[in-house]
Chemist: 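One structure coming up, written as structure tokens, with questions to follow.
Per chain, numbering begins at 1; letters A, B, ... match sequence-line order. What's counted below: heavy atoms across the whole structure, side chains too, no hydrogens, waters or symmetry copies.
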2 protein chains.
Amino acid sequence: MDASQLLKGVLDVAVLAVVRDEDGYGYDVVRRLRAAGLEDVGDASVYGTLRRLFQAGALTSYVVPSDEGPHRKYYAINDRGRSVLEDSTKTWRTFADTVDGLLGPVAA
Amino acid sequence: MDASQLLKGVLDVAVLAVVRDEDGYGYDVVRRLRAAGLEDVGDASVYGTLRRLFQAGALTSYVVPSDEGPHRKYYAINDRGRSVLEDSTKTWRTFADTVDGLLGPVAA
DNA sequence: CCGCAGTACTGCGCATTGAGCGGTACCGTC
DNA sequence: GACGGTACCGCTCAATGCGCAGTACTGCGG
């Protein structure tokens, strides 16, 4: 199995979770996700997810010019984002439990 | 979040796990998956997965004529399938733990 | 002074894969 | 003999992660 397929549907929550902890800009979110264990995420996937989430109204953004490189587009979570994150977290837990239940009986 | 996206990459393992417990034919696998909690799986998705798995050499199949309906195409797991299932299970556990770690810190 | 590496963001096209819908076919019953 | 339930399949669509290329800015080494 390719972990990239597992990522589908989870990247959103992961990004939301990372940003909830602290505002972040794309490049940084990528690093944090990788540090958290999602080592194979492509940067383009994260940028895309960030944009989708922003368009969906779950994130706000502001640009911060940087002296040490290009500007950084920071994203911050808002109420809608928090509620999406909460719902998604529940969905995830339920789903994960179900899968564990299916796989568990033998390979427990 | 839509659970259908979560399913991606997991249907394979789920189907493998269900068939490992007992040989099954499409229609039946669908029922068992739904009973296990994956209530939204489409039948076509399962049939497709079964065929993909079969083509990948993880399943064998045999047709059993039925007196009480159309023939049934049973699928059985083989060694390759078992090893795929094992690997996928590990991948899943690792992945699930990572996601839990990301979401957990707050909603623990 | 130029190029290169690192940072940061974006666009485009591709592949995978689950879903929906429709179609075929068989059986028993009313 | 039409209908509902069982059983399977094909086609097309949509979502989404990925790879790659491109733009741009900063600072450093040659």
Chemist: For a quick check of understanding: with a heavy-atom distance under 4.0 Å over all strands, which category does A:V41 fall into, base, sugar-phosphate or nothing?
Modeler: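 Since only primed, P, OP1 and OP2 atoms lie under 4.0 Å of A:V41, the category is sugar-phosphate.
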Chemist: Would you name the heavy atoms of B:D43 and B:V30 that are closest together and state the gap between them?
Modeler: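 Residues B:D43 and B:V30, closest heavy atoms: CA-CG2, 3.9 Å.
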Chemist: Reckon B:S4 has a side-chain N or O less than 4.0 Å from the OP1 or OP2 of C:dA19?
Modeler: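 Checking C:dA19 against B:S4, no side-chain N or O comes under 4.0 Å of OP1 or OP2.
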Chemist: Could you go through the side-chain contact (heavy atoms from CB on, under 4.5 Å) check for A:L11 and A:L33 one step at a time?
Modeler: CA-CA 9 Å; A:L11 229 205; A:L33 286 175; 4.0 Å; yes
Chemist: Any N/O pairs under 3.5 Å between the protein and nucleotides 2-4 of chain D? List them or say none.
Modeler:
none

Chemist: Could you state the atom-to-atom distance from OH of A:Y75 to C1' of C:dA8 in whole Å?
Modeler: 11 Å
Chemist: Any residue in residues 48-55 of chain B with a heavy atom nearer than 4.0 angstrom to DNA chain C? Just list them by number, or reply none.
Modeler: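 Residues of residues 48-55 of chain B that come under 4.0 Å of DNA chain C are, in numerical order, B:T49, B:R52.
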Chemist: In whole Å, what is the span from the CZ atom of A:R31 to the C1' atom of C:dG6?
Modeler: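 So the CZ-C1' distance, A:R31 to C:dG6, works out to 10 Å.
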Chemist: B:R72 has a side chain; which of C:dT16, C:dC9, D:dC8 sits nearest to it?
Modeler: D:dC8
Chemist: Atom pairs, N/O to N/O, protein against nucleotides 23-30 of chain C, distance under 3.5 Å?
Modeler:
from, atom 1, to, atom 2, distance (Å)
C:dC27, O3', B:D67, O, 3.1

Chemist: May I have the step-by-step check of side-chain contact (heavy atoms from CB on, under 4.5 Å) for A:N78 and A:L59, ending in yes or no?
Modeler: CA-CA 6 Å; A:N78 59 17; A:L59 297 176; 5.9 Å; no
Chemist: If only side-chain N and O atoms of B:Y47 are considered, is one of them under 4.0 Å from the OP1 or OP2 phosphate oxygen of D:dC9?
Modeler: no
Chemist: To the nearest Å, how far apart are B:L11 CG and C:dG18 C1'?
Modeler: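 Computing the B:L11:CG to C:dG18:C1' distance gives 7 Å.
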Chemist: Side chain of B:L7, heavy atoms from C-beta onward: which of C:dC9, C:dA19, D:dG17 has the nearest atom to it?
Modeler: C:dA19
Chemist: Any side-chain heavy atom of B:V15 within less than 4.5 Å of one from B:Y75?
Modeler: no
Chemist: Hey, is the main chain of B:R82 close enough, under 3.5 Å, to the side chain of B:R20 for a donor-acceptor pair?
Modeler: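 Looks like no, no N/O pair under 3.5 Å.
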Chemist: Could you tell me whether the side chain of B:V13 reaches within less than 4.5 Å of the side chain of A:L102, counting heavy atoms only?
Modeler: no
Chemist: Could you go through A:Q55 and A:R51, starting from their C-alpha distance and side-chain angles, then the distance that decides it, and tell me whether this counts as side-chain contact (heavy atoms from CB on, under 4.5 Å)?
Modeler: CA-CA 6 Å; A:Q55 277 195 305; A:R51 264 175 280 162; 5.6 Å; no
Chemist: Could you give me the CA-CA distance, side-chain angles and deciding distance for B:D28 and B:V18, then say whether side-chain contact (heavy atoms from CB on, under 4.5 Å) is met?
Modeler: CA-CA 10 Å; B:D28 179 52; B:V18 161; over 6 Å; no
Chemist: Taking CG from A:D12 and P from D:dG17, how many angstroms apart are they, rounded to a whole number?
Modeler: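 It works out to 6 Å between those atoms.
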Chemist: Measure the shortest side-chain to side-chain distance between A:F95 and B:V10 over non-hydrogen atoms and say whether it is less than 4.5 angstrom.
Modeler: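 Side chain of A:F95 against side chain of B:V10, heavy atoms only: contact under 4.5 Å found.
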Chemist: Are any of A:K8's side-chain N or O atoms less than 4.0 Å away from OP1 or OP2 of D:dC18?
Modeler: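 For A:K8, the contact criterion (side-chain N or O under 4.0 Å from OP1 or OP2 of D:dC18) is not met.
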Chemist: Take the protein atom OH of A:Y27 and the nucleotide atom P of D:dA24, then report the distance between them rounded to whole Å.
Modeler: 18 Å
Chemist: Would you say that A:S88 contacts A:L16 through its side chain, given a criterion of any heavy-atom pair below 4.5 Å between the two side chains?
Modeler: no
Chemist: Are any of the side-chain heavy atoms of A:R93 and B:D100 separated by less than 4.5 Å?
Modeler: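 Yes, their side chains come closer than 4.5 Å.
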Chemist: Could you state the CD-C1' distance from B:Q5 to C:dA19, rounded to the nearest angstrom?
Modeler: 10 Å
Chemist: Name the nucleic acid region contacted by B:D40, choosing base, sugar-phosphate or nothing; use a 4.0 angstrom heavy-atom cut-off, strictly under.
Modeler: sugar-phosphate
Chemist: What integer distance in Å separates B:D28:CG from D:dG5:C1'?
Modeler: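 Result: 15 Å.
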Chemist: Specify the separation, in whole Å, of atom CG of B:D43 and atom P of C:dG22.
Modeler: 13 Å
Chemist: Is there a path of hydrophobic side-chain contacts, each under 4.5 Å between heavy atoms of I/L/V/M/F/W/Y residues, joining B:F54 to B:L50?
Modeler: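 Both belong to a single hydrophobic cluster.
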